[in-house]
Engineer: 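Next up is a structure, given as structure tokens.
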Amino acid sequence: GQNIDQPTEMTATEGAIVQINCTYQTSGFNGLFWYQQHAGEAPTFLSYNVLDGLEEKGRFSSFLSRSKGYSYLLLKELQMKDSASYLCAVTSDDYKLSFGAGTTVTVRA
Amino acid sequence: IAGITQAPTSQILAAGRRMTLRCTQDMRHNAMYWYRQDLGLGLRLIHYSNTAGTTGKGEVPDGYSVSRANTDDFPLTLASAVPSQTSVYFCASSDSAGAPDTQYFGPGTRLTVL
């Protein structure tokens, strides 16, 4: 089975940087996804990491350390529209996604 | 291109009633999935289909059934609804089931069982 942990809530100021951590324990590993979900909407894909290191995509970056079972999502230059839940999901040997409970980020002016 | 559509958007259902949630995708994806999302628990996989004609059980399959008669449609049926099935249900699809492919989600169905 999978055990995926991420903080429940985070608050940050517009223009700031926020780092959302995700730790996981899995019987097999085939990559880690981050999804964004605005309230009342569907999750949408943000990033995928399968190799160790940092993947940068505009204001968002995602990091993976397979040996530590650890990932983070970095949101830079925060905007009000970034207020959402951020879901960490791990794929195992069967390629099915196991999701963490999500981190709700609130951006304040 | 619509992507994935789900119907109904929301539903209030009496316990014991039968209900089918509909899901249709127009991306010709091979794999489709049903999740439920509950506060504090995140998304949990109910059933999946790797390709048309096949289905499999996810993490929380009890009380639910699915069918995959063709590539586009993947309905989820609650044979006899119970209050614990109150949740938001998301359908998703991915191009391949045999690789860590990005999953694309429908808008969700909010179901309340009384």
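Here is the naming used below: chain letters follow the sequence lines, and residue numbers restart at 1 for every chain. Values in this document were obtained by computation on a predicted structure and should not be read as measured data. The basis for the numbers below is simple: all heavy atoms, side chains too, and nothing from hydrogens, waters or symmetry mates.
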Engineer: Do other residues, nucleotides or ligands put more than 12 heavy atoms under 6.0 Å from the CG atom of B:Leu39?
Structural biologist: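 Open: at most 12 neighbouring heavy atoms sit under 6.0 Å from CG of B:Leu39.
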Engineer: At a 4.5 Å cut-off on heavy atoms, which part of B:Leu45 comes close to chain A: side chain, backbone, both, or neither?
Structural biologist: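 Side chain of B:Leu45 only, per the 4.5 Å heavy-atom cut-off to chain A.
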Engineer: If every non-hydrogen atom of A:Ala42 is compared with every non-hydrogen atom of B:Pro107, which pair is closest and at what distance?
Structural biologist: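 Smallest heavy-atom distance, with atoms named: CB-CA, 4.2 Å.
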Engineer: Could you look at A:Leu97 and say if it's the side chain, the backbone, both or neither that has a heavy atom under 4.5 Å from chain B?
Structural biologist: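 Both backbone and side chain of A:Leu97 come within 4.5 Å of chain B.
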Engineer: If you count the non-hydrogen atoms of other residues, nucleotides and ligands that lie under 6.0 Å from CZ in A:Arg59, is the total more than 12?
Structural biologist: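 Counting other residues, nucleotides and ligands, CZ of A:Arg59 exceeds 12 neighbours.
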Engineer: Is A:Glu77 atom CD crowded by more than 12 heavy atoms from other residues, nucleotides or ligands, each under 6.0 Å away?
Structural biologist: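 No.
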Engineer: If two hydrophobic side chains count as joined below 4.5 Å and joins carry through other members, does A:Leu74 share a cluster with A:Leu54?
Structural biologist: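 In one cluster: yes.
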Engineer: In the single-linkage hydrophobic clustering (I, L, V, M, F, W, Y; side-chain heavy atoms under 4.5 Å), do B:Val88 and B:Met32 co-cluster?
Structural biologist: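 No, B:Val88 does not connect to B:Met32 through the hydrophobic network.
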Engineer: Scan the chain A/chain B interface and emit each donor-acceptor pair under 3.5 angstrom with its distance.
Structural biologist:
unit_1	atom_1	unit_2	atom_2	d
A:Tyr35	OH	B:Gln103	N	3.0
A:Tyr35	OH	B:Gln103	O	3.0
A:Gln37	OE1	B:Gln37	NE2	2.8
A:Gln37	NE2	B:Gln37	OE1	3.0
A:Lys96	NZ	B:Asn50	OD1	3.4

Engineer: Hydrophobic clustering (ILVMFWY, side-chain heavy atoms < 4.5 Å, transitive) - are B:Val82 and B:Ile12 grouped together?
Structural biologist: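 They do not share one cluster, since no chain of ILVMFWY contacts under 4.5 Å joins B:Ile12 to B:Val82.
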Engineer: Do B:Phe74 and B:Val60 land in one hydrophobic cluster if side-chain heavy atoms of ILVMFWY residues count as linked below 4.5 Å?
Structural biologist: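 In one cluster: yes.
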